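As structure tokens, the structure follows; a few thoughts come after it.
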Amino acid sequence: MKKTLRPDAAITHFQTEGVCVSCREFGSGHINSTYQVKTETGKTYILQRINKYVFTDPKAVMENVGAVTQYLRDRVTDPTEILNFITTDTGEYYYVDEAGEFWRCYEFADGICLEAPETDRDFYESAIAFGRFQELLRDFPADTLHETIPLFHNTINRYRLFKEALARDAAGRASSVQAEIDFIMAREDEAGTICRLLETNELPLRVTHNDTKLNNVLLNRETRKAMCVLDLDTVMPGSSLYDFGDSIRFGAATAAEDEPDLSKMCMDLNRFRVYTEGYLTACRSLTEKETELLPLGAKIITLELAVRFLTDYLDGDLYFKTDYPEHNLVRARTQLKLVADMEEKWDEMQKIVAEEAAKH
Ligand code: ADP
Ligand code: GN1
Ligand code: MG
């Protein structure tokens, strides 16, 4: 079998300015293999090997990224707002090595990438970035996009896959997670609410980002204002509720996504308000129903991700990158604790959304 290229060899196939002088692993994404490359001319790039287990059609991913970045570039005045990919020496979006691995290269966007907001302002600015992203894509022709991961945020289907993994019990771990299974199954009906409302058109299907955690956005180094939205691999038709919700899940949480001490994991209501304010300021086209259901978006996406982490744990850790054997289980438990805390703060979350919506 042919070997996968080393990143410092893969980069030579792209039209970079100058020759690569350093190459190191970069960032904390859970999916792709990401490297920061510097060249002799002082230019910096991001090189990525696309995860083919997750994205079974990398060509479709890059076609989407190409179409979306072009569309956005035509609608903004500052080009640094938009992710800029570098073509290969034959003018393609990606390079395929002898082992069939897909590589792509972006210009390095020199902004601040955070794992948790340092201030309310940071979180507000991330809401402006994702809200504006949503607003700019309002009229993007959805039917021209590939569905890069079929049924990605279809929570009903996520439950189906979870039950299948449970029945297979491929890694022999099911018997040790009964409490988590019970918590998840007790919420199955509610978890399907957004899918059902999309089905009946009570919620609009939009072109959404679908992976709106804080480390997928950059803030400007000098001004700390919203700068650039990253990780466009999952831009496809979806619901604004999942986009809003995923930002809350990650950035309004009081602990990291994989914090093992559950007592540290809660929903920070002040941060919830800050994000809501920013999102409603930048994204003006939400319907009344979407706005009203924003808290539900936060709860369902958190539950959905717990289901996904636990499914992967049951399957033997095939999907998400993990640092230790129980990592996916810890992540799932932490998400479930966050869901439980949202349930306790439910009335306040709804009140905050109503108050912020009344200002707009
Ligand atoms: P994954 O799907 O694995 O999360 P991402 O595309 O989000 O991959 O990249 C992982 C990390 O690499 C990001 O969180 C960010 O820190 C960094 N990154 C990605 N693209 C760029 C870019 N063009 N400029 C600067 N940093 C980037
Ligand atoms: C993955 O790719 P990354 O690390 O930005 C995942 C998201 C999860 C997130 C949890 C394509 O995001 O759906 O919410 O991990 N992306 C994909 O941190 O599955
Ligand atoms: Mg990412």
Side-chain angles (χ1 to χ4, degrees), residues 14 24-38 43-58 61-62 64-65 69 79-86 102-116 126 130 147-155 158 161 208-221 227-236 238 242-243 245-251 253 256-259 298 300-312 318-323 327-328 330-332 334-335 338:
F14 289 88
R24 63 173 181 116
E25 277 190 58
F26 192 80
S28 53
H30 295 340
I31 304 296
N32 297 307
S33 300
T34 303
Y35 305 88
Q36 188 194 53
V37 172
K38 294 190 182 204
K43 283 280 285 185
T44 309
Y45 299 92
I46 285 286
L47 174 72
Q48 289 182 316
R49 194 175 71 239
I50 301 178
N51 182 328
K52 278 201 305 179
Y53 180 80
V54 169
F55 297 106
T56 51
D57 187 355
V61 171
M62 289 314 289
N64 277 9
V65 172
T69 51
T80 63
E81 255 190 75
I82 312 302
L83 206 51
N84 196 19
F85 61 81
I86 307 292
F102 283 70
W103 297 83
R104 56 138 179 247
C105 182
Y106 289 114
E107 226 163 78
F108 183 77
D110 192 16
I112 301 173
C113 182
L114 297 167
E115 291 304 316
S126 75
F130 284 124
E147 206 179 342
T148 55
I149 301 179
L151 306 177
F152 187 51
H153 287 319
N154 182 317
T155 315
R158 291 292 177 185
L161 297 174
T208 49
H209 183 280
N210 293 307
D211 192 358
T212 53
K213 60 179 177 179
L214 189 65
N215 64 19
N216 284 332
V217 71
L218 297 176
L219 306 183
N220 182 293
R221 258 186 212 291
M227 181 177 131
C228 176
V229 171
L230 304 173
D231 206 345
L232 306 182
D233 299 343
T234 51
V235 175
M236 54 187 158
Y242 289 119
D243 270 13
D246 201 44
S247 296
I248 296 299
R249 172 192 75 73
F250 193 82
E257 180 182 271
D258 59 354
E259 169 59 55
I300 293 183
I301 196 81
T302 309
L303 188 55
E304 181 191 283
L305 188 60
V307 168
R308 292 174 61 200
F309 283 145
L310 200 57
T311 302
D312 201 28
L318 304 174
Y319 187 100
F320 295 101
K321 285 192 210 161
T322 49
D323 297 334
H327 204 165
N328 273 320
V330 167
R331 287 167 170 158
T334 308
Q335 303 311 298
L338 190 54

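Since the model is a prediction, treat every value here as computed from it, not as a measurement. Along the sequence shown, residues carry numbers from 1. Whatever order the structure lists them in is the order used to number ligands and atoms, beginning at 1.
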Discussion item. Quick test: of every protein heavy atom, which one is nearest to atom 12 (O) of ligand 2, and how far off is it to 0.1 Å?
Written reply: D211 OD2, 3.0 Å
Discussion item. Any atom of ligand 2 sitting under 4.0 Å from a heavy atom of Y319?
Written reply: yes
Worksheet entry | Pairwise side-chain contact, F130 with D243, heavy-atom cut-off 4.5 Å (strictly under) | no
Worksheet item: Among K213, R249, H30, which one has a heavy atom closest to atom 14 (O) of ligand 2?
Response: R249
Fill in: Region of N216 that comes within reach of ligand 2 [heavy atoms, distance under 4.0 Å]
side chain
Discussion item. Using a 4.0 Å cut-off to any heavy atom of D231, which atoms of ligand 2 qualify?
Written reply: 2 (O), 3 (P), 5 (O)
Fill in: Side-chain ion pair, D110 and R221, N-O less than 4.0 Å
yes
Worksheet item: H153: what forms a ring-ring contact (aromatic ring centres under 6.0 Å, His included) with it, not counting sequence neighbours?
Response: Y242
Item to complete: Answer whether the closest heavy-atom distance between the side chains of D211 and N216 falls below 4.5 Å.
Response: yes
Worksheet item: Going by heavy atoms in the side chains, are V37 and T44 under 4.5 Å from each other?
Response: no
Worksheet item: When only distance counts, is R308 in polar contact with ligand 2, meaning an N/O pair under 3.5 Å?
Response: yes
Item to complete: Report the protein N/O/S neighbours of the Mg ion (ligand 3) that fall below 2.8 Å; do not count waters.
Response: N216 OD1, D231 OD2
Fill in: Atoms of ligand 2 close to G29 [distance to a heavy atom under 4.0 angstrom, numbered from 1]
4 (O)
Worksheet item: Are T155 and E304 close enough, and set up right, to give a side chain to side chain donor-acceptor pair (under 3.5 Å), and what steps lead you there?
Response: CA-CA 6 Å; T155 315; E304 181 191 283; 2.9 Å; yes
Worksheet entry | Region of F152 that comes within reach of ligand 2 [heavy atoms, distance under 4.0 Å] | side chain
Worksheet item: atom 10 (C) of ligand 2: which of Q335, R331, E257 has the nearest heavy atom?
Response: E257
Worksheet entry | Atom NZ of K38: over 12 foreign heavy atoms under 6.0 Å | no
Worksheet item: Among all residues two or more places apart in sequence or in another chain, which pass the salt bridge (charged side-chain N to carboxylate O under 4.0 Å, His left out) test with R331?
Response: none
Discussion item. Is it true that T34 and Q48 share a donor-acceptor pair across their side chains at a distance under 3.5 Å?
Written reply: yes
Worksheet entry | Nearest-0.5 Å distance that lies between atom OG1 in T148 and atom CG in N210 | 8.0 Å
Practice prompt. For the residue pair F85 and E107, establish whether any side-chain heavy-atom pair is separated by less than 4.5 Å.
Written response: no
Worksheet item: Would R104 and D233 pass as an ion pair if we require N to O under 4.0 Å?
Response: yes
Worksheet item: So do the side chains of N215 and S28 get within less than 4.5 Å of each other, counting heavy atoms only?
Response: yes
Discussion item. Give the atom numbers and elements of ligand 2 that come within less than 4.0 Å of a heavy atom of F55.
Written reply: 11 (C)
Discussion item. Considering non-hydrogen atoms of the protein only, which is the closest contact for atom 2 (O) of ligand 2, and what is the distance?
Written reply: I31 CG1, 3.2 Å
For ligand 1, list every N/O pair with the protein closer than 3.5 Å, one pair per line with the distance.
| unit_1 | atom_1 | unit_2 | atom_2 | d |
| --- | --- | --- | --- | --- |
| ligand 1 | 2 (O) | N32 | ND2 | 3.1 |
| ligand 1 | 2 (O) | D231 | OD2 | 3.2 |
| ligand 1 | 3 (O) | I31 | N | 3.2 |
| ligand 1 | 3 (O) | N32 | N | 2.8 |
| ligand 1 | 4 (O) | D231 | OD2 | 3.1 |
| ligand 1 | 6 (O) | Q48 | NE2 | 3.0 |
| ligand 1 | 7 (O) | N216 | OD1 | 3.0 |
| ligand 1 | 7 (O) | D231 | OD2 | 2.9 |
| ligand 1 | 8 (O) | Q48 | NE2 | 3.4 |
| ligand 1 | 9 (O) | Q48 | NE2 | 3.2 |
| ligand 1 | 14 (O) | N215 | O | 2.7 |
| ligand 1 | 23 (N) | E107 | O | 3.1 |
| ligand 1 | 24 (N) | A109 | N | 2.8 |

Fill in: Option with minimal heavy-atom separation from atom 8 (C) of ligand 2, where the choices are V61, L305, V54
L305
Item to complete: Determine whether the aromatic ring centres of Y45 and F26 lie less than 6.0 Å apart.
Response: no
Worksheet item: Taking it one step at a time, do T302 and Q335 satisfy side chain to side chain donor-acceptor pair (under 3.5 Å)?
Response: CA-CA 6 Å; T302 309; Q335 303 311 298; 5.2 Å; no
